[in-house]
Amino acid sequence: MCGREIEVSEVEAVAGALGEVNPAWTSRALRREALVTHLFPRAAAGSAYPEESALARTELERDLALVLGEASDAPAPTIFAGLPRELGFEKWRRARGLEPGGWSGPFEDVGSWFAVRVVAREPGAKPVFVHHELELLERRFLPEGVVAESLLDDCELLVGDPELADLVPLAVRSRMR
């Protein structure tokens with residue numbers, strides 16, 4: 001998968017979070033969505049730009065160290081607030097289990113590395129209605145104008161687990177070498 005193996009545990013983690021906001025979906029549909037919409041594009045971006053990804057992670061780790069050390073030259077975090085859909089799936093997924101106050105990360109998203117701190121969380125009747133206020137440090141590595149999904153066309157599909165291979169839709173298989 002673009003030079004990066006996607007573990008079944010990653011698929012299950014993403015599918016589990018997707019299931020919180022899409023409880024009517026079947027397990028198979030959730031796992032397929034995890035692969036096609038989240039994990040394949042993330043792997044494609046990281047594999048297409050490995051040096052940029054590594055540099056972005058290193059810079060994020062430095063930024064996080066500066067923020068944690070309360071250095072005067074620490075970057076100012078971006079403040080995000082909203083429901084899961086407004087925050088972006090991966091940011092919400094990583095923040096949903098954190099207690100307010102501490103930073104967590106680095107985490108990889110499609111084309112970026114980020115760290116997140118939950119400032120506040122207002123409960124809702126369902127996970128899709130839980131309002132979060134987050135602080136975010138992020139370092140993008142995907143060049144402006146590049147769409148991660150378009151990178152799938154240059155990927156070689158290497159599926160080591162037959163359980164995962166069965167989940168890849170034919171339309172996606174045909175795009176990948």
Hey, could you give me the CD/CG distance between Glu59 and Leu64, rounded to the nearest 0.5 Å? 13.5 Å

Which residue pairs pass the side-chain hydrogen bond (donor to acceptor under 3.5 Å, both in side chains) test with at least one member in residues 67-83, sequence neighbours excluded? none

Can you list the residues that meet the salt bridge (Lys or Arg N to Asp or Glu O under 4.0 Å) rule with Arg117, with sequence neighbours excluded? Glu135

Distance under 6.0 Å and angle within 45° of ring axis: Lys91 vs Phe80: no

Exercise: identify the closest heavy-atom pair between Leu164 and Leu35: O-CD1, 4.1 Å

Could you measure the distance from the NE2 atom of His131 to the CZ atom of Arg121? Nearest 0.5 Å is fine. 12.0 Å

How many angstroms lie between atom CZ of Arg31 and atom CG of Leu167, to the nearest 0.5 angstrom? 5.0 Å

Do Val118 and Glu99 come within less than 4.5 Å of each other through their side chains, counting heavy atoms only? no

So, for Ala148 and Pro41, which heavy atoms are closest and what is the spacing to 0.1 Å? CB-O, 3.8 Å

Please report the shortest heavy-atom distance between Gly111 and Ala45, naming the atom on each side. N-CB, 3.9 Å

Kindly write out the residues that satisfy side-chain hydrogen bond (donor to acceptor under 3.5 Å, both in side chains) with Thr37, not counting sequence neighbours, or none if the list is empty. Glu33

By side chain to side chain contact (heavy atoms under 4.5 Å, CB included), which residues pair with Pro75, not counting sequence neighbours? Asp63, Leu66, Val67, Leu137

Please name all residues satisfying side-chain hydrogen bond (donor to acceptor under 3.5 Å, both in side chains) with Arg42, sequence neighbours left out, ordered by chain then number. Glu10

State yes or no: do Leu83 and Ile79 share one hydrophobic cluster built from I, L, V, M, F, W and Y residues joined by side-chain heavy-atom distances below 4.5 Å, directly or via other members? no

Hey, could you give me the CG/CG distance between Leu151 and Leu142, rounded to the nearest 0.5 Å? 6.0 Å

Restricting to salt bridge (Lys or Arg N to Asp or Glu O under 4.0 Å), what partner residues turn up for Glu52, sequence neighbours left out? none

Of the non-hydrogen atoms in Pro23 and Val21, which two are nearest, and what is the gap between them? CD-C, 3.4 Å

Is there a path of hydrophobic side-chain contacts, each under 4.5 Å between heavy atoms of I/L/V/M/F/W/Y residues, joining Leu18 to Leu87? yes

State whether Arg96 and Glu20 are salt-bridged, where the test is any N-O pair (Lys NZ or Arg NE/NH1/NH2 against Asp/Glu carboxylate O) under 4.0 Å. yes

Would you call Leu39 and Val11 a side-chain contact if the rule is heavy atoms closer than 4.5 Å? yes

With sequence neighbours excluded, residues passing salt bridge (Lys or Arg N to Asp or Glu O under 4.0 Å) with Glu122: none

Within 45° of the ring axis of Trp113 and under 6.0 Å from its six-membered ring centre, is that where the NZ or CZ of Arg57 lies? yes

Side-chain touch Arg93/Val14, heavy atoms, less than 4.5 angstrom: yes

Side-chain ion pair, Arg94 and Asp109, N-O less than 4.0 Å: no

Set of residues satisfying side chain to side chain contact (heavy atoms under 4.5 Å, CB included) with respect to Pro143, sequence neighbours excluded: Tyr49, Val146

Which residues satisfy the side-chain hydrogen bond (donor to acceptor under 3.5 Å, both in side chains) test with Glu86, sequence neighbours excluded? none

Taken in chain and number order and not counting sequence neighbours, the residues that satisfy side-chain hydrogen bond (donor to acceptor under 3.5 Å, both in side chains) with Arg140 are none

Could you tabulate the donor-acceptor pairs under 3.5 Å formed by side-chain atoms of residues 101-108, not counting sequence neighbours?
from	atom 1	to	atom 2	distance (Å)
Glu108	OE1	Arg4	NH1	2.9
Glu108	OE2	Arg4	NH1	3.4
Glu108	OE2	Arg4	NH2	3.2

What heavy-atom pair brings Val116 and Leu98 nearest, and what distance separates the two atoms? CG1-CD1, 3.8 Å

How long is the straight-line distance from CZ of Arg32 back to OG1 of Thr26, given to the nearest 0.5 Å? 9.0 Å

So CZ of Phe114 and CG of Leu60: to nearest 0.5 Å the spacing works out to 9.5 Å

Closest non-hydrogen atoms of Ala17 and Phe89, given as atom of the first, atom of the second and distance, are CB-CZ, 3.7 Å

For Glu7, salt bridge (Lys or Arg N to Asp or Glu O under 4.0 Å) partners two or more places apart: none

If hydrophobic clusters are built by linking Ile, Leu, Val, Met, Phe, Trp and Tyr wherever their side-chain heavy atoms come under 4.5 Å apart, do Ile6 and Val8 end up in the same one? yes

